[in-house]
> 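Quick one: structure below, then a few questions.
It should be emphasised that the depicted structure is a prediction, and the values quoted were computed from it without experimental measurement.
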Amino acid sequence: MNILLLPGLYNSGPSHWQSLWEQQYPRAIRVQQQNWDQPDRQAWLTGLTEAINQIDGPVVLVAHSLGCALAAWWLSLGMPGIEQKDRIKAALLVAPPDVERVEFPAKSFAPMPRTAFKLDVLVVASNNDPWCDLAVARDWATAWHAEFHCIGAKGHINGDSGLGAWEQGQHWLAELINKH
């Protein structure tokens with residue numbers, strides 16, 4: 001199974017669990033976006049489609065922060081540019097940000113799609129995420145027909161959260177992969 005990592009705004013730094021997973025999993029590939037600092041939804045959607053089209057075999061999306069909004073838009077638009085849509089098996093969406101907040105820096109990602117997804121999706125949130133209230137993340141998970149987990153007070157579930165390679169996240173990823 002290919003693991004496609006979708007970082008958020010500013011990319012994921014060296015201590016971020018996504019970066020550690022990229023080093024740990026031989027089939028983990030990070031989607032490279034043209035502009036990490038001023039993201040444009042359409043450009044990021046194109047980048048995601050191009051990355052998937054360069055991969056052979058099944059794919060699980062592993063998104064963090066704005067990468068979750070990217071995945072939500074891409075899935076809600078019907079996976080544009082992908083011929084074999086059944087290759088996309090599941091998605092792990094971690095710390096989705098509230099793109100609808102007035103102060104959110106990536107305005108082109110608002111509003112957050114609320115389409116029910118036709119694949120296995122697991123949403124993970126923190127109860128003290130500065131970028132999204134827990135109730136908002138839970139509502140999106142419900143709309144997406146996703147499994148939802150709150151991991152307690154872990155901030156934005158990033159490198160500053162002290163999770164290292166984040167074993168619980170790896171366990172959830174393994175569960176998604178083993179379903180397929």
> Which distance, rounded to the nearest 0.5 Å, do you find between the CG of Asp120 and the NZ of Lys179?
4.0 Å

> Which residues pass the ring pair (Phe, Tyr, Trp, His ring centres under 6.0 Å) test with Trp172, sequence neighbours left out?
His149

> Do Trp74 and Trp44 sit in the same hydrophobic cluster, where Ile, Leu, Val, Met, Phe, Trp and Tyr count as joined when their side-chain heavy atoms come under 4.5 Å apart?
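Trp74 clusters together with Trp44.
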
> Stepwise, does the side chain to side chain donor-acceptor pair (under 3.5 Å) test hold for Glu167 with His171?
CA-CA 6 Å; Glu167 289 182 29; His171 174 74; over 6 Å; no

> Looking at every heavy atom in both Cys132 and Pro96, which two are closest together, and how far apart are they?
CB-O, 3.2 Å

> Say whether, by atom type as modelled, one donor and one acceptor occur between the side chain of Lys85 and the main chain of Pro80 under 3.5 angstrom.
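No: the side chain of Lys85 does not pair with the backbone of Pro80.
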
> For Leu75, which of Leu70, Leu119, Thr115 qualifies under side-chain contact (heavy atoms from CB on, under 4.5 Å)?
Leu119

> With sequence neighbours excluded, tell me which residues meet salt bridge (charged side-chain N to carboxylate O under 4.0 Å, His left out) with Asp133.
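Asp133 satisfies salt bridge (charged side-chain N to carboxylate O under 4.0 Å, His left out) with Arg101 only.
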
> Locate the shortest heavy-atom distance separating Cys68 from Ala95; write the atom from each residue and the value.
SG-C, 4.3 Å

> Would Arg30 and Asn11 count as having a side-chain donor-acceptor pair, cut-off 3.5 Å?
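Yes, side-chain donor-acceptor contact under 3.5 Å.
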
> What are the two closest heavy atoms between Asn53 and Gly81, and how far apart are they?
ND2-O, 3.0 Å

> Are Trp131 and Phe104 an aromatic pair by the rule of ring centers under 6.0 Å?
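Trp131 vs Phe104: aromatic centres under 6.0 Å.
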
> Where do Ala71 and Leu6 come nearest, in terms of heavy atoms and distance?
CB-CD2, 4.1 Å

> Between the main-chain N or O of Gly8 and the side-chain N or O of Ser12, is there a donor-acceptor pair closer than 3.5 Å?
no

> Can you name the nearest heavy-atom pair linking Asp37 to Asn35, along with the distance?
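Smallest interatomic distance, heavy atoms only, reads N-OD1, 3.0 Å.
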
